[in-house]
Amino acid sequence: MPKLRFPMRCFCSSTVFLNPRPWLFVGLGNPGDKFTGTRHNVGFELVDAFAKSQGISMDSFHCKAIFGKGFVNGVPVFLAKPQTYMNLSGESCGPLASYYKLPLNRVLVFHDDMDLPCGVLRLHPKGNHGSHNGLKSVIYHFRGNREFPRLRIGIGRPPGQMDPKAFLLQKFNARAQGRIDAALQEGVVALEQVLSKGLTESARCFNKEQKYKHIRLQTMPV
């Protein structure tokens with residue numbers, strides 16, 4: 001069956017909303033208990049941490065995603081965890097953005113990143129897929145448009161000659177889990193700042209803080 005794609009008019013930056021405009025936060029991961037706690041699922045974990053912090057129930061299913069919605073300081077927020085498996089994440093993200101007629105600069109995607117040390121985060125307004133299959137799928141279903149923000153969650157590199165795919169599907173050891181737990185709380189604060197101050201100002205301040213954390217952690221074992 002061919003992959004579904006959506007009209008370009010659904011993914012433009014000119015859509016008009018009454019203020020305050022809503023945000024869609026999407027965490028990438030794999031569904032099922034066997035993937036819970038694995039490196040590839042930190043996007044799901046950040047959605048859960050943010051939902052818990054704001055009292056938003058993730059109790060519905062919409063566009064192939066576990067879904068929740070609420071208001072954070074008066075700003076409408078939609079939260080989603082696609083249940084398509086990582087490599088098909090766009091099959092959920094594309095329809096969600098289309099359904100709510102959201103410009104892509106209001107769709108913020110959380111994902112794991114091996115190019116950052118474990119527990120280091122980065123907030124960007126746009127970017128490439130970086131060989132991340134979930135992002136590849138999202139970009140495909142946004143008709144090649146890469147101008148959507150993303151929150152990168154560092155998980156570090158596999159040791160030695162370990163297969164990266166096996167590394168992604170492993171659970172964290174105790175030290176690494178501690179770093180991730182702290183990073184998720186930092187991510188929650190960053191998302192609150194995005195909602196109150198906007199992406200540009202929030203990213204500038206947040207990435208400066210994370211740069212120093214990167215320097216401190218990059219040589220420390222996990």
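One is the number of the first residue; the rest follow in order along the sequence.
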Quick one: closest heavy-atom pair of [X] and [Y], and the distance?
X	Y	answer
K136	S131	CE-CA, 3.9 Å
A49	Q185	CB-NE2, 4.4 Å
P31	Q83	CB-OE1, 3.1 Å
L104	P149	O-CD, 3.3 Å
V107	A97	CG2-CB, 4.2 Å
R21	P76	O-CD, 4.2 Å

Notebook entry, point to check: Residues sharing L116's hydrophobic cluster, by side-chain heavy-atom contacts under 4.5 Å among ILVMFWY, directly or via others?
Noted result: V120, L217, M220
Next item on the list: Show which residues join F35 in its hydrophobic cluster (side-chain heavy-atom contacts under 4.5 Å, direct or indirect), or state none.
Entry: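 Cluster partners of F35: Y85, L169.
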Between [atom1] of [X] and [atom2] of [Y], what distance do you get to the nearest 0.5 Å?
X	Y	atom1	atom2	result
F148	N105	CZ	CG	12.0 Å
L199	H124	CG	NE2	10.5 Å
D112	L28	CG	CG	8.0 Å
E45	R39	CD	CZ	12.0 Å
L102	C93	CG	SG	11.5 Å
R150	H129	CZ	NE2	10.0 Å

Check: Could you walk me through whether L191 and L108 pass the side chain to side chain contact (heavy atoms under 4.5 Å, CB included) check?
Finding: CA-CA 9 Å; L191 294 172; L108 177 50; 3.4 Å; yes
Between [X] and [Y], is any pair of side-chain heavy atoms under 4.5 Å apart?
X	Y	answer
R106	Y100	no
V77	F71	no
F206	Q210	yes

[X]: what forms a salt bridge (charged side-chain N to carboxylate O under 4.0 Å, His left out) with it, not counting sequence neighbours?
X	result
K69	none
R204	E201
R152	D113

Would a distance-only check, ignoring hydrogens and angles, find a side-chain to backbone donor-acceptor pair under 3.5 Å from [X] to [Y]?
X	Y	answer
S89	M86	yes
R216	K211	no
K171	T36	yes
N41	G37	no
S92	C63	yes
N207	L123	yes

Can you give me every donor-acceptor pair (side chain of residues 154-167, partner residue at least two apart or in another chain, under 3.5 Å) with its distance?
residue, atom, partner, partner atom, Å
R157, NH2, D115, OD1, 2.4
D163, OD1, K165, N, 3.0

Margin query: Can you pull out every salt bridge (Lys or Arg N to Asp or Glu O under 4.0 Å) where at least one residue sits in residues 118-133? Sequence neighbours excluded, please.
Written below: none
Notebook entry, point to check: Which salt bridge (Lys or Arg N to Asp or Glu O under 4.0 Å) pairs, counting each pair once, include a residue from residues 46-55, with sequence neighbours left out?
Noted result: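 Residue pairs passing salt bridge (Lys or Arg N to Asp or Glu O under 4.0 Å), neighbours aside: D48-K81.
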Checklist line | A80: partners by side chain to side chain contact (heavy atoms under 4.5 Å, CB included), with sequence neighbours left out | finding: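 Result, side chain to side chain contact (heavy atoms under 4.5 Å, CB included) vs A80: L24, V26, A65, F67, L96.
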Check: How would you list, by chain and number, every residue that makes a side chain to side chain contact (heavy atoms under 4.5 Å, CB included) with A51, sequence neighbours excluded?
Finding: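 Applying side chain to side chain contact (heavy atoms under 4.5 Å, CB included) to A51 gives I56, M58, L79.
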Check: Can you list every pair that meets ring pair (Phe, Tyr, Trp, His ring centres under 6.0 Å) and has a residue in residues 36-58, with sequence neighbours left out?
Finding: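 Sorted result for residues 36-58: F25-F50, H40-H132.
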Note to self: For F61, I'd like to know if atom CZ has over 12 heavy atoms of other residues, nucleotides or ligands within 6.0 Å.
What the structure shows: yes
Check: Is the CG atom of N73 crowded by more than 12 outside heavy atoms at less than 6.0 Å?
Finding: no
Check: Taking only residues at least two apart or on different chains, which pairs with a member in residues 53-63 satisfy side chain to side chain donor-acceptor pair (under 3.5 Å)?
Finding: Q54-E192
